[in-house]
Amino acid sequence: MGVISEAVKEMNGYKLHIVKSDKFKTNTIVWKMKAPLNKEGVTKRALLPHVLQSSTAAYPTTEKLRSYLDDLYGANLFVDVAKKGEYQILSFSIEIANEKFLSDPTPLLSKGLELLADILLNPLAQNGSFDSETVENEKRTLKQRIQSVYDDKMRYSSHRLVEEMCAGEPYALHVNGELDDVDNITAQDLYSYYQQAFAQDELDLYVIGDVAEAEVEAAVASLFDFAPRTPLEANLLSGIRKEEKVVKEPQDVKQGKLNIGFRTNVKYGDKDYYALQVFNGIYGGFSHSKLFHHVREKNSLAYYVASRLESHKGLMMVMSGIEFENFQLAVDIIKEQMEAMKSGDFSEEEIQQTKAVIENQMLETLDTARGIVEVIYHNVVSKAHVPLDQWMQSMQQTTKEDIIAVANKVNLDTIYFLTGMEAGK
Amino acid sequence: MEKIAFEQLQEELYYEKLGNGLDVYILPKKGFNKTYATFTTKYGSIDNHFKPFGKEEYVKVPDGIAHFLEHKLFEKEDGDVFQQFSRQGASANAFTSFTRTAYLFSSTSQVEQNLETLMDFVQEPYFTEKTVEKEKGIIGQEITMYDDNPDWRLYFGAIENMYKEHPVRIDIAGTIESISHITKDMLYECYETFYHPSNMLLFVVGPVDPNEVMKQIKENQSKKEYTDKPEIQRRFESEIEEVAQKKQVLEMNVQTSKCLVGIKAPSGEMSGKEMLKWELSVNLMLDILFGKSSRHYSELYSEGLIDDSFSYDYTQEQGFGFAMVGGDTPDAGKLAENLTAMLLAAKTGTNFTEENLGRATKKKIGNFLRAINSPEYIANQFTRYAFNEMDLFDVVPMLESIKLDDIRQAASSLIDEKRFTVCQVVPKK
């Protein structure tokens, strides 16, 4: 039950992935573009998808493009910029109704694919430049998007931890780019970057839904055609810190935000990656985990406390919201529980419980089309190509010794605390 | 057990009202891994003035008690229920809204045990003074977390502006001060009043056999003793038609300003199809006025007054309702002015054409299909609709029946300057 079948086809310049499933009322199309994160490209790359989704040559204003999407039964178009390991990944998604659930039989999937091709390949541009008004509008919105991180203190403190912890590594770059670089981008620069991205990026197209494989393949082949390429590899840089770094930042806030970063030294696809998943689950991933139990339930210090893995970079982040004066107490408990993990102070029951919940979480993720894409895209980023049933099996076979061993590879790197003005003095 | 088929959507819904009054709905979803179940009581933050079960006098309870009770139901004599769910491979959660408290789990295995755990933990309260005190620290941090969240403050600030008396103006979690007064006896009193099965609804959606699930639920419920219960007596002060406050500006530690224009819904009791039609008409109206394909959206966007945080939404419940339009903006004053002018101009109805209604209707139908991919959406929304005597599966036929006149009617009853309010968050000087 549950494990999906993914058909992968080598196309001209990209891979087509089809996952057939009849459980959804919609079909989902996702176009992914992957390139290494770097200071020169990060801001242009963050801007590009927002410019592309604003208009096309055929629908030259947002009003016209969005009206067309509404006419296609509210086809949902959205773009996303994400950081996975040392890569910056762009996603263009269209989710469109499957007409078999409508009284109107107009075929919608082919229209969705055509529109995606239009957005990607026929933008509103001429003479080697995007429409400058569109670019200016999107530059302004991008600046607001970058600034808005400051206003959401949970996101802000997560972001600040990464900045402090990974200083000097590409991973420290903000996914939406650098505020100071936005103004200098011209409509011509961005167009050159666009051409470069389509020439060099690793490209993947996902189609999920109740679709006919051969038909999709034929339609896609006629719409998307690129020169072959060898995708660029990111330079993996990973700092080793001898002594933990502690950063306290005073701000006008009511609640302290404690974010602690660890280096796991394990990445997606590594042999001990499955043990790392179980380790994280016992330690802080869930509401039965040690952190939730000790920080929240036993000591009433927090409402939220959790740990989360960044699988491609090899990081684990702990986050919690606490009273300013409880900083040391919370840090001590979080460290104590880490020591407990390293010395094997956890039961067979905790292991079984955690495995059950991880398996459940994975299967639940596969109940959404976007979840399916995210799960199988790990294989592209890591080049590991782990089939899902094997993933599940390896996770289930993890032993207590494996978990202790992986716990001992995990090192605390940086403690970041967003604290109050008075407390920070 | 009754079976209701929705042919166009290819879904089947099973329903039965049990002897103790509990409404049970089951929607089989083939091909899905997960089963999702919600056990919901029609009891939320607004139910703070009522006649306790078995008593003659009305009481007023501290702000935030429904939410507090939700937290405390998870703790039992032998530990917390999260542990048990995770031993059974499930993830569990709960939420409290203005009008409902819902307990839920999702799991891809051991569904029968998890369903049993869900019914039992909600129906077997265990409150002690000690555990109640302990929870005050945890919920205190939840409240503080929201205090630092400008979007949360903005939204609830706008509601506070609109309502003078109605308890919808009170924060769902209460304040650190208000929850300090909560005792275990108050929790039991609220529990006895609002957690009777006749005030609750159980929804199960997933790859399940409806006959077996119904049988299990009936067996579980028949083992528990419930006396028949009179209708719950809630009291709400009468509310004025106009907003309580025209404007509120919150200074916070932010870099970007935020602005919401709120519209308070006309008073008057509404439920069932009438309410569904009204709610959908107002939503279509807002889509036509402010959707990404609208002229207004393009104008505001190209003037730099809005960005992709811009949103609009309409909420209608029995006794209160409001529209909210806005988001992040570099100029909160100008955005408020423009939105207000656009809304007032729409009252005459000239903005609405057959063409833009047709488009908005298609969009809503497509969005509905997308939404019912989600078991969570189905269970939660179905419950909300049912508590208001509406049927989630009437949405598409109702959308198809809404005419231009209905939109104009909605605009003319809702849009009225006395119903408008503005809430802004601006950077602290």
For this session: Applying side chain to side chain donor-acceptor pair (under 3.5 Å), run through B:Ser109 and A:Asn360 and close with a yes or a no.
Result: CA-CA 8 Å; B:Ser109 62; A:Asn360 183 56; 5.7 Å; no
Using a 6.0 Å cut-off, check whether atom [atom1] of [X] has over 12 heavy atoms from anything other than its own residue.
X        : atom1 : value
B:Lys134 : NZ    : yes
A:Arg370 : CZ    : no
B:Glu129 : CD    : yes

For this session: Please lay out, stage by stage, how A:Tyr150 and B:Asn253 fare under the test side chain to side chain contact (heavy atoms under 4.5 Å, CB included).
Result: CA-CA 9 Å; A:Tyr150 180 87; B:Asn253 173 24; 2.9 Å; yes
Could you tell me which of [options] has the largest number of non-hydrogen atom pairs under 4.5 Å with chain A?
options                              : result
B:Pro150, B:Gly304, B:Gly137         : B:Gly304
B:Asp148, B:Leu9, B:Asp147, B:Ile139 : B:Asp148
B:Met145, B:Gln255, B:Lys136         : B:Gln255
B:Gln8, B:Lys258, B:Arg295, B:Lys29  : B:Gln8
B:Val254, B:Asp307, B:Asp151         : B:Val254
B:Lys364, B:Glu400, B:Glu11          : B:Glu11

So which of [options] has the biggest tally of heavy-atom pairs under 4.5 Å with chain B?
options                                : result
A:Glu359, A:Gln144, A:Glu133, A:His50  : A:Gln144
A:His288, A:Lys257, A:Lys298, A:Gln255 : A:Gln255
A:Leu102, A:Leu301, A:Thr62            : A:Leu102
A:Lys153, A:Gln361, A:Met154, A:Glu136 : A:Lys153

Would you say [X] and [Y] make side-chain contact, with heavy atoms under 4.5 Å?
X        : Y        : result
B:Asn33  : A:Glu364 : no
A:Asn98  : B:Leu369 : no
B:Gln141 : A:Glu323 : yes
B:Ser302 : A:Asn137 : yes
A:Arg66  : B:Ser298 : no

For [X] and [Y], which I'm curious about, is there any donor-acceptor pair between the side chains at under 3.5 Å?
X        : Y        : answer
B:Asn373 : A:Thr26  : yes
A:Tyr73  : B:Asn367 : no
B:Glu142 : A:Tyr303 : yes
B:Gln83  : A:Gln353 : yes
B:Tyr301 : A:Thr141 : yes

For this session: Locate the shortest heavy-atom distance separating A:Ala356 from B:Ser86; write the atom from each residue and the value.
Result: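 Nearest pair, atom of A:Ala356 first, then B:Ser86: CB-O, 4.1 Å.
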Exercise. Which pair of non-hydrogen atoms, one from B:Asp328 and one from A:Ser148, has the smallest distance, and what is that distance?
Worked result: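 Result for this residue pair: OD2-CB, 4.2 Å.
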Side chain, backbone, both or neither: which part of [X] has an atom under 4.5 Å from a heavy atom of chain A?
X        : result
B:Lys30  : backbone
B:Ser309 : neither
B:Glu75  : side chain
B:Ala360 : neither

Region of [X] in contact with chain B, defined by heavy-atom distances below 4.5 Å:
X        : answer
A:Arg140 : side chain
A:Ser289 : neither
A:Tyr68  : neither
A:Asp22  : neither
A:Tyr156 : neither
A:Asp367 : both

Exercise. Considering residues at least two apart in sequence or located in another chain, which fulfil the ring pair (Phe, Tyr, Trp, His ring centres under 6.0 Å) criterion with A:Phe324?
Worked result: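 Ring pair (Phe, Tyr, Trp, His ring centres under 6.0 Å) list for A:Phe324, sorted by chain: empty.
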For this session: Please assess B:Lys34 against A:Leu366 for the test side chain to side chain contact (heavy atoms under 4.5 Å, CB included), listing each intermediate value before the final yes or no.
Result: CA-CA 9 Å; B:Lys34 93 167 130 191; A:Leu366 303 179; over 6 Å; no
For this session: Could you walk me through whether B:Phe82 and A:Phe286 pass side chain to side chain contact (heavy atoms under 4.5 Å, CB included), step by step?
Result: CA-CA 9 Å; B:Phe82 287 122; A:Phe286 302 104; over 6 Å; no
For this session: Starting at CZ of B:Phe32, measure out to OG1 of A:Thr368 and round the result to the nearest 0.5 Å.
Result: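 So the gap between those two atoms works out to 9.0 Å.
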Problem set entry | Gap separating the CG atom of A:Asp104 from the CD1 atom of B:Ile365, nearest 0.5 angstrom |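 Separation between the atoms: 9.5 Å.
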Electrostatic pair [X]-[Y], nearest N-O below 4.0 angstrom:
X        : Y        : value
A:Arg145 : B:Asp308 : yes
A:Asp71  : B:Arg359 : yes
B:Lys292 : A:Glu63  : no

Exercise. Within the side chain of B:Gln10, is there an N or O that forms a donor-acceptor pair under 3.5 Å with the backbone of A:Phe101?
Worked result: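 Between the backbone of A:Phe101 and the side chain of B:Gln10 there is no qualifying donor-acceptor contact (under 3.5 Å).
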For this session: Among residues two or more places apart or on two chains, list those pairs meeting salt bridge (charged side-chain N to carboxylate O under 4.0 Å, His left out) that have a residue in residues 77-95 of chain B.
Result: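 Every salt bridge (charged side-chain N to carboxylate O under 4.0 Å, His left out) pair that includes a residue of residues 77-95 of chain B, provided the two are not neighbours, is A:Glu349-B:Arg87.
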